[in-house]
Amino acid sequence: QVQLVESGGGLVQAGGSLRLSCAASGSIFSINAMGWYRQPPGKQRELVARITSTDTASYANSVKGRFTISRDNAKNTVYLQMNSLKPEDAAVYYCVTEIRYSGSDYRYYWGQGTQVTVSS
């Protein structure tokens, strides 16, 4: 079983920073892309950022220039550095990983979610 454990959420004032971490463990053969989604209150989950196995990063337009995604392949960990936080960034943040076990056998796993609260 693959487990994703998130940490780093909390309460921060607008303009502040937080760094989220997500470590994957278990029956991992090969991690391809990793990413972060978020779900604001009363809204559906949306993609925030993703990073491929070759370290190509992409971001939602709303966070470009403020958030940075990175990964430590040796530790199967993905990070999300969030700077210049806005109240609109408040949400439960979920990490996700795409794992290839063999051939075209891809599977997706989600973290438990971590709360990010931004006060004005």
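Quantities reported herein were computed from a predicted structural model and do not represent experimental measurements.
Note on Tyr37: it does not cluster hydrophobically with Ile51, by side-chain heavy-atom contacts below 4.5 Å among ILVMFWY residues. Cluster annotation: Val48 and Leu18 are assigned to the same hydrophobic cluster (Ile/Leu/Val/Met/Phe/Trp/Tyr, side-chain heavy-atom contacts under 4.5 Å, transitive). Hydrophobic clustering, with ILVMFWY side chains joined whenever heavy atoms are under 4.5 angstrom apart, keeps Trp110 apart from Val2.
Residues Tyr59 and Ile69 form a side-chain contact, since some pair of their non-hydrogen atoms from C-beta on lies under 4.5 Å apart. Side-chain contact between Ser119 and Leu11 is present, with at least one heavy-atom pair separated by less than 4.5 Å. For the pair Thr114 and Leu20, the minimum side-chain heavy-atom distance is below 4.5 Å.
Enclosure of atom CD in Gln39 by more than 12 non-hydrogen atoms of other residues, nucleotides or ligands within 6.0 angstrom is indicated.
In this structure, CG in Asn76 is found 7.5 Å from CD1 in Ile99, a value given to the nearest 0.5 Å. Rounding to the nearest 0.5 Å places CD1 of Ile31 at 10.5 Å from OG of Ser53. The line from OG of Ser58 to CG of Asn61 is 12.0 Å long, rounded to the nearest 0.5 Å. Atoms OG and CD, from Ser25 and Gln3 in turn, are 6.5 Å apart once rounded to the nearest 0.5 Å. The distance from the CZ atom of Arg38 to the CG atom of Leu80 is 9.0 Å, given to the nearest 0.5 Å. Going from atom SG of Cys22 over to atom CH2 of Trp36 covers 5.0 Å, rounded to the nearest 0.5 Å.
Closest approach of Gly9 and Val116 over heavy atoms only: CA-CG2, 4.3 Å. Smallest separation of non-hydrogen atoms from Lys75 and Thr77: O-OG1, 2.9 Å. Heavy atoms only, all atoms of each residue included: Ala14 and Pro87 are closest at CB-CD, 4.2 Å.
A distance-only check finds no donor-acceptor pair linking the side chain of Arg66 to the backbone of Gln81 [under 3.5 Å]. Side chain of Gln112 to main chain of Glu6: a donor-acceptor pair is present (N/O by atom type, distance under 3.5 Å, no hydrogens or angles). Side-chain atoms of Ser62 do not come within 3.5 Å of backbone N or O of Ala60 as any donor-acceptor pair. Without hydrogens or angle criteria, Asp105 side chain to Ser102 main chain gives no donor-acceptor distance under 3.5 Å.
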Margin query: side chain to side chain contact (heavy atoms under 4.5 Å, CB included), that's the test. Do Tyr79 and Met34 meet it? Break it down for me.
Written below: CA-CA 9 Å; Tyr79 306 92; Met34 303 184 78; over 6 Å; no

Next item on the list: List the steps and the verdict of side chain to side chain contact (heavy atoms under 4.5 Å, CB included) for Leu4 and Thr97.
Entry: CA-CA 8 Å; Leu4 273 64; Thr97 186; 3.6 Å; yes

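Glu98 and Tyr106 share no side-chain donor-acceptor pair at under 3.5 Å. Side chain to side chain, Asn83 and Ser17 meet the donor-acceptor criterion of an N or O pair below 3.5 Å.
Relative ring orientation between Tyr93 and Phe67 is described as tilted, the plane-to-plane angle lying within the 30° to 60° band.
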